Amino acid sequence: MAHAEDVLSRAPLFEALDEEGARALRAGVVDVRLARGERLFDEGDAGDRLYVILDGKIKLTRTAPDGRENLLSVLGPGEMFGELSLFDPRPRTASAVAVTDSRLAALAHDNLRHWLTGRPDVAMHLLRALAQRLRRANDVMADLVFTDVPGRVAKALLDLADRFGEEQEEGLQVHHDLTQEELAQLVGASRETVNKALADFAARGWLQLSAKSVLILDRERLARRAR
Ligand code: CMP
């Protein structure tokens, strides 16, 4: 596990700063610890902070009026969230829940606004992170329209592998820590359909399934199926 300070200095906000700037910004950081399953905030809440994940995994979800959940993303160390209500001061656009025990750095929006006006390089880094999020959201939307469920499952697994994958002799071990229900919410399909796709990939020898984790054996074939 990387040291929390290193994780923070590699986050988009801090990347642009020299040591003195990073120290000044870090002075306003508040440490937040969450236990697995704990909610940090809910969609619709007023938001006055941005968070950088130091350790653990956070899921961002939206709930439909009938109670169904859509999992927008699962974020890991070095990634940030809670910036939309910084640039556009309105309620939180999603709920944030800890998938595993997690440690976060919280930065007050008021404090950050001061940095954004005084340091265009910091603002550029944050804008880049925002642009990347929009690109990804566009890809996800296009996949919902153009790609079948097995293709979306393959893509979701590769996306989780990019974040949480660990190279091992047998393959790429991905401890995603998601239940089957959460995987289905991430793909935007029923649990049965997602399970069927996973079982099919396993039968073809592309991966091995275990609880809350998957061992990817044939990344190439999985990537081809994701296209
Ligand atoms: P905010 O609206 O302040 O609080 C919820 C956060 O979830 C939001 O800021 C973003 O940081 C994050 N978020 C919202 N939509 C997405 C998305 N589609 N993909 C990844 N993160 C998102």
Side-chain angles (χ1 to χ4, degrees), residues 7-8 10-15 25 28-30 32 34 37-64 68-100 102-116 122-147 152-153 155-164 176-178 182-189 226:
V7 176
L8 194 58
R10 280 199 309 271
L13 251 178
F14 286 83
E15 235 173 15
L25 185 54
V29 163
V30 175
V32 177
L34 296 173
E38 205 174 326
R39 301 182 82 83
L40 180 63
F41 57 70
D42 282 312
E43 184 182 346
D45 285 356
D48 62 356
R49 286 149 190 233
L50 172 151
Y51 297 90
V52 178
I53 303 174
L54 302 177
D55 191 25
K57 295 185 181 77
I58 300 289
K59 65 173 181 179
L60 299 167
T61 68
R62 293 182 68 134
T63 309
R68 281 178 303 158
E69 294 238 359
N70 173 217
L71 218 161
L72 294 175
S73 196
V74 185
L75 304 182
E79 295 186 283
M80 63 159 191
F81 62 96
E83 79 293 347
L84 294 189
S85 48
L86 163 69
F87 293 117
D88 179 23
R90 282 195 286 168
R92 296 288 191 195
T93 55
S95 306
V97 183
V99 176
T100 60
S102 299
R103 195 175 153 211
L104 314 171
L107 291 110
H109 285 169
D110 282 346
N111 193 4
L112 280 171
R113 277 194 197 98
H114 156 80
W115 279 90
L116 294 178
V122 175
M124 279 308 290
H125 273 76
L126 268 184
L127 281 174
R128 192 202 292 162
L130 202 58
Q132 284 168 350
R133 193 154 281 173
L134 182 59
R135 272 178 200 273
R136 189 180 166 275
N138 279 348
D139 284 346
V140 169
M141 200 155 56
D143 287 342
L144 280 172
V145 178
F146 300 127
T147 308
R152 300 202 314 257
V153 172
K155 213 167 220 178
L157 290 177
L158 291 169
D159 189 43
L160 290 167
D162 279 344
R163 288 198 166 91
F164 307 115
H176 52 69
D177 289 293
L178 301 175
E182 287 171 324
L183 265 182
Q185 291 166 357
L186 184 62
V187 171

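Owing to the predicted nature of the structure, the values given are computational and were not obtained by experimental measurement. As the structure lists them, so they are numbered: ligands from 1, and atoms in each ligand from 1. Values below: every heavy atom of this structure, side chains too, minus hydrogens, waters and symmetry copies.
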A.B. asks: Could you see which bit of Thr93 sits under 4.0 Å from ligand 1, with heavy atoms only: side chain, backbone, both or neither?
C.D. replies: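 The answer is both, backbone and side chain.
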A.B. asks: Look at Asp139 together with Arg135 and state whether they make a salt bridge at an N to O cut-off of under 4.0 Å.
C.D. replies: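 Looking at Asp139 and Arg135, the cut-off is not met.
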A.B. asks: Looking at ligand 1, does any of its N/O atoms fall within less than 3.5 Å of an N/O of Ser73?
C.D. replies: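 It does not: no N or O of Ser73 is found under 3.5 Å from an N or O of ligand 1.
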A.B. asks: Examine Pro91 against ligand 1 and note whether any of their N/O atoms are separated by less than 3.5 Å.
C.D. replies: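 No, there is no polar N/O contact under 3.5 Å.
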A.B. asks: Closer than 4.0 angstrom, basic N to acidic O: yes or no for Lys57 and Asp177?
C.D. replies: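 A salt bridge links Lys57 with Asp177.
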A.B. asks: Return the closest protein heavy atom for atom 3 (O) of ligand 1 as residue, atom name and distance.
C.D. replies: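 Minimum-distance protein heavy atom for atom 3 (O) of ligand 1 reads Ser85 OG, 2.6 Å.
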A.B. asks: Ignoring hydrogens and geometry, is there a side-chain-to-backbone donor-acceptor pair from Arg92 to Gly82 under 3.5 Å?
C.D. replies: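 Yes, because the side chain of Arg92 sits within donor-acceptor range (under 3.5 Å) of the backbone of Gly82.
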A.B. asks: Would you find a donor on one side and an acceptor on the other, under 3.5 Å apart, between the side chain of Arg152 and the backbone of Thr147?
C.D. replies: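 Indeed, once roles are kept as given, a pair shorter than 3.5 Å links the two residues.
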A.B. asks: Please identify which atoms of ligand 1 are closer than 4.0 Å to at least one heavy atom of Phe81.
C.D. replies: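 Heavy-atom distances to Phe81 below 4.0 Å select 11 (O).
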A.B. asks: Just to verify, which of Leu127, Leu116, Leu112, Leu25 counts as forming a side-chain contact (heavy atoms from CB on, under 4.5 Å) with Val122?
C.D. replies: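 With Val122 as partner, Leu127, Leu116, Leu112, Leu25 yield a single side-chain contact (heavy atoms from CB on, under 4.5 Å), made by Leu116.
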A.B. asks: May I ask you to identify the nearest protein heavy atom to atom 13 (N) of ligand 1, giving residue, atom name and distance to one decimal place in Å?
C.D. replies: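 Going atom by atom, the protein heavy atom closest to atom 13 (N) of ligand 1 ends up being Leu60 CD1, 4.0 Å.
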A.B. asks: Show which atoms of ligand 1 fall inside a sub-4.0 Å distance from at least one heavy-atom site of Gly82.
C.D. replies: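 Every atom of ligand 1 under 4.0 Å from some heavy atom of Gly82: 1 (P), 3 (O), 4 (O), 6 (C), 8 (C), 9 (O), 10 (C), 11 (O).
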A.B. asks: Kindly identify the option in Arg133, Arg90, Met141 whose heavy atom sits closest to atom 22 (C) of ligand 1.
C.D. replies: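 Residue with the shortest heavy-atom distance to the ligand atom: Arg133.
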A.B. asks: Could you identify the single nearest non-hydrogen protein atom to atom 11 (O) of ligand 1 and state the distance to 0.1 Å?
C.D. replies: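 Checking every protein heavy atom, the shortest distance to atom 11 (O) of ligand 1 gives Glu83 OE1, 2.6 Å.
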A.B. asks: Can you sort out which atoms of ligand 1 are near Phe41, meaning under 4.0 Å from one of its heavy atoms?
C.D. replies: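 Listed by number with element, the hits are 4 (O), 5 (C).
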A.B. asks: Do Glu182 and Lys59 sit within salt-bridge range, that is, some charged N less than 4.0 Å from a carboxylate O?
C.D. replies: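 Between Lys59 and Glu182 there is a salt bridge, with a charged N closer than 4.0 Å to a carboxylate O.
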A.B. asks: Using side-chain contact (heavy atoms from CB on, under 4.5 Å) as the criterion, point out the one residue from Val74, Leu186, Leu183 that pairs with His176.
C.D. replies: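 Of the listed options, the one satisfying the test is Leu183.
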A.B. asks: For Leu84, take its heavy atoms, then give the atoms of ligand 1 lying under 4.0 Å from any of them.
C.D. replies: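 The atoms of ligand 1 under 4.0 Å from a heavy atom of Leu84 are 1 (P), 2 (O), 3 (O), 8 (C), 9 (O), 10 (C), 14 (C).
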A.B. asks: Starting from atom 16 (C) of ligand 1, what is the nearest protein heavy atom, named by residue and atom, and what distance separates them?
C.D. replies: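 Checked against all protein heavy atoms, atom 16 (C) of ligand 1 sits closest to Leu72 CD1, 3.8 Å.
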A.B. asks: Can a donor-acceptor pair be found, under 3.5 Å and without considering hydrogens, that links the side chain of Asp45 to the backbone of Asp42?
C.D. replies: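 Yes; at least one donor-acceptor contact below 3.5 Å.
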A.B. asks: Can you see which heavy atom on Gly76 is nearest to which on Phe164, and at what distance?
C.D. replies: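 Of all heavy-atom pairs spanning Gly76 and Phe164, the closest is CA-CE2, 3.6 Å.
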A.B. asks: Does at least one non-hydrogen atom of Ala94 fall below 4.0 angstrom from an atom of ligand 1?
C.D. replies: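 Within the 4.0 Å threshold, so yes.
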A.B. asks: Tell me which protein heavy atom sits closest to atom 4 (O) of ligand 1, plus the residue, atom name and distance to 0.1 Å.
C.D. replies: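 For atom 4 (O) of ligand 1, the nearest protein heavy atom comes out as Arg92 CD, 3.3 Å.
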